[in-house]
Structures are given as C-alpha cells and as structure tokens.
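Scroll down for the structure; my scribbles are underneath it.
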Protein chains: 2
Amino acid sequence: MFEWLFGRRRRAGNAPVLGSRAEANAAADRVDLSDLTPDLVSFLGQTAYLELAVFESLSRAVAEAPTLQIKEGISIVAGEALAKHQGLVAELRKKKVDPATAMQPFTDAIDRFEVLTRGRDWYETLLGVYITAGFLDDFFARLVSGLPRTVAARVAEVLSSAGSDEVIISALRAGMEADPNLAARLALWGRRLVGDTQLVARSAIAASDSAEGIHRRIEPVFTDLLGAHTRRMDALGLTA
Amino acid sequence: MFEWLFGRRRRAGNAPVLGSRAEANAAADRVDLSDLTPDLVSFLGQTAYLELAVFESLSRAVAEAPTLQIKEGISIVAGEALAKHQGLVAELRKKKVDPATAMQPFTDAIDRFEVLTRGRDWYETLLGVYITAGFLDDFFARLVSGLPRTVAARVAEVLSSAGSDEVIISALRAGMEADPNLAARLALWGRRLVGDTQLVARSAIAASDSAEGIHRRIEPVFTDLLGAHTRRMDALGLTA
C-alpha cells in the first residue's frame, strides 16, 4: 500500500528474542535498528518531504485558526516543521543531491497518508498532524544510528529538536472545553491515527527480505513509541 | 474603506514643494515621513499581521505548487515571511505587548486586501503576494524613521531583509513559457495589484488631519516605490 521504498541497501540481521511487554519496553533503547536504516539519500528525501507535508498541514491550520492568538501560536509550530525540512534539505545539498529528486520517490505515499490523516475539521487536522508527526519523528530518530557517522548527529538533532507542543495542546484543550463532544471524537480519532501511522512505519519494514524477524525486532520499538503517543494523548486529557 | 488606523499620535508637518517627476524621484529618499509613522504598537501590530498574511498566501502557494522543485523553493520564501513576522512579534513581546492584541485592529482590513489580491489561479496568487508584499514592505520601511530610535534599526533590518525572490521569478517565468497567454494576463493583474496596493497605503495616510498636504508629500515616495515595482515586473519580462 505505502511504498516508502526503504532500505535498498539492507543487510540481514538477527532479531533479539524478547519476553514480556515490560521487558520489551525497557529494552527498546538497546534494540539496534541500524541495519534497517535506508541509505542516506532515501532517508533524507523521505524525512525532508515528511516535514514539508507537516509544514503544509500546520500552515492550513494557521490559515483556519479559530482565534488570532492560536493562529500566531500555530505559526510558530509551522516554522519549526519548516526548519526541520530545511535542515534535512541542507544535508542533501551538502551531498550535492537535488532535494526535489531525493524527495520525489516518497511524495505519493506521504501525500496519501496526509489525506488519510486530515480529519473532518480544524481540531481533527491539528490532532492529526500532532500525533502522526510526533510518532514518525520518533520513529525516524530511532533509525538515525544507521546513517553515516558524519551526518547522524546533525540529523538526530534536527529530528528531535523540541517543538512548541504546548501551543497545540492548549488549542485542543480550549476546543474540548467549548464543545464537550469534541473530546470523545478526538479520542477515537487519535486511536485511528496511531493505527494508520504504525501501518505506514511497519509497511516500510515489511518491504525488507527477512520480514518475520524484523517484525519481532520492531515490536519493542513500537511499544516504546506508543508510550510517547500515550503521553501526548494524556497531555490532552484523552485516553490513548 | 480600509481602516488601517494609522497615526493616532500624528503631528502636523510641512510638505516640501517638489517640481518635476525626476526631481521627485531623486528627492524621495530625503522626504521625511517620520511624523506620519503610527505609534510603535500600531506599527508593529500592523506589519506583523501583514507578514503573517503574506506567509499564509505563500503557504497556500507551497501546497499548490506545480512541481516539487518549485514547492521546495516557495517554502523558503514562506519561511522568510514567517521570520519577518516573528521578528516583529519579538519587538512587541519586548514591550510586554500581547501580539494578538496588537494585531487585532488590522486583521479585517488586511484580510479583505488579501482576498482582493488572491487572483484566479496559482500564478496570479504568486504574483499577487510578490507585488503587494514588495510594495508594502518598502512602504513601511520608509516609515521606520519615525519609530523610537531604540527599535527603528532592528525593525528596518527585519522589513528590508533580502528575500529569495529569484525562486518566485523563475516559477512565474516557467509558467509564462509554458502558456503564452499567461504573460498578458499577469501584466494586467500586476497593474491592478499595484493600484489596489497604493490605495491601501494611501487610505492610511488620508485618515490623517492634514490630508491635502500629506498627499503632496507622499507622492514622491510612491513614485519611488513604483520604481521598485517596475523593476520587479521587468524581472518577469512584464511591462509595469
């Protein structure tokens, strides 16, 4: 379904066998995913286009913001996504790679994903970009260790730079206070979003040669990323 | 029509009597408009919201860009408008003024102006934001000298920071090469835009007490700003 065209240069790897969920969670940081990392240009092209799509979604949220204060706040978050995009594009330029050429293979899948997560109104759109961008930033940050050492640190810094999430949280909270039905709707929406987002990330992994083993290895990482997702939903007063 | 709410603290001033157009043009830099400058909070609120509107227009142009290369290029220009907005907002925060409160009085007029200059397709929208933002940035930069000295230099730097105009120029040129009718349409559109933009700027001035004298004084400045407009149109191969 989603052709994220990961890992053309993948090597086979052995899955560490993990026991309980708790163990898995604790072990997630130790799981070495570096052999699942796509080649540098694919990684940068994909993440750069993803951040550009996040920027576009946030820009739409700026244009349609319910108040001027929220408009101003979301514009800051949009600028942060654009800065991530530009940081990743800068790495492509350092490698003398045309950014458009590097991003092109990933546009269809990411555009489709963006449409899928757009939501029915301003609040769903905002939750959509918050939840999916958060999850995928985390996901790609886990793969950075497989990049060439000279760029890995800079890319990690770009992807994990702290954002102005509190603006999004307070905008969503204000909406839920004004409309008691919104909370239930957003809770459902958040669950669907995280399901779709995991599918996207997982489909990339499934494209590899040793699908079964990779699934077992990626599971504890997803468990860990879901912990971060739960904390995002908690901050909104929603059950993940 | 446009209530830009300029100059609540305006002082009367004498108009230098100017002769020919050529003289006027040469003299434009020497015309002192500082007594027409609105108070600091009005100036910052107005320009901050204007740059936010420019950012929104450019973001829409990013979302609807005809190619990935152009999308990437326009996103840089959108980021520059957002940086201007944020620079002006930073000055408001330094003064302990809530940016939303400062911008609020100007939203209706600027939103109406944005709709007026939106155009019928992607190319007209892009020319619209390029021409009007260029003119109004220049216009406000001329009023900076009337701001308190401590902030004037920083605001001037924000407003006159060089942008990535060449991206816009090459996108419009590519469109005109692909569609020979586009050039004639854009030339007409450019003329209408600069008329509307002058009206907006002028209506602000007309709100003052000594309208007649101010009109005479502002004329050489407009002549000068129209020179910059003509250079923008020239760069596109269009007659202003």
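Values reported hereafter were calculated over all heavy atoms of this structure, with side chains retained and with hydrogens, waters and symmetry mates removed. Here is the naming used below: chain letters follow the sequence lines, and residue numbers restart at 1 for every chain.
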Go through it in stages, so that I can follow the logic: the residues are A:Gln69 and B:Thr101, the test is side-chain contact (heavy atoms from CB on, under 4.5 Å), and I'd like the CA-CA distance, side-chain angles, deciding distance and then a yes or no.
CA-CA 8 Å; A:Gln69 199 156 27; B:Thr101 307; over 6 Å; no
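- For the residue pair A:Leu68 and B:Ala100, the shortest heavy atom distance occurs at CD2-O, 3.4 Å.
- Of the two parts of A:Ile70, neither the backbone nor the side chain holds a non-hydrogen atom closer than 4.5 Å to a non-hydrogen atom of chain B.
- Counted within 6.0 Å of NZ on B:Lys95, heavy atoms from surrounding residues, nucleotides or ligands total 12 or fewer; the atom is thus considered open.
- For chain B, the nearby part of A:Thr107 is the side chain; its heavy atoms alone come within less than 4.5 Å.
- Of all residues spanning residues 77-91 of chain A, those with a heavy atom less than 4.5 Å away from chain B's heavy atoms are A:Ala78, A:Gly79, A:Leu82, A:His85, A:Gln86, A:Val89, arranged by number.
- With rounding to the nearest 0.5 Å, the separation of OH in B:Tyr49 from CD in A:Glu72 is 11.5 Å.
- Taking non-hydrogen atoms and a 4.5 Å limit, the residue list of residues 56-63 of chain A in contact with chain B, ordered by number, reads A:Glu56, A:Ser59, A:Val62, A:Ala63.
- For B:Glu166, the CD atom sits in a packed shell: over 12 heavy atoms of surrounding residues, nucleotides or ligands are nearer than 6.0 Å.
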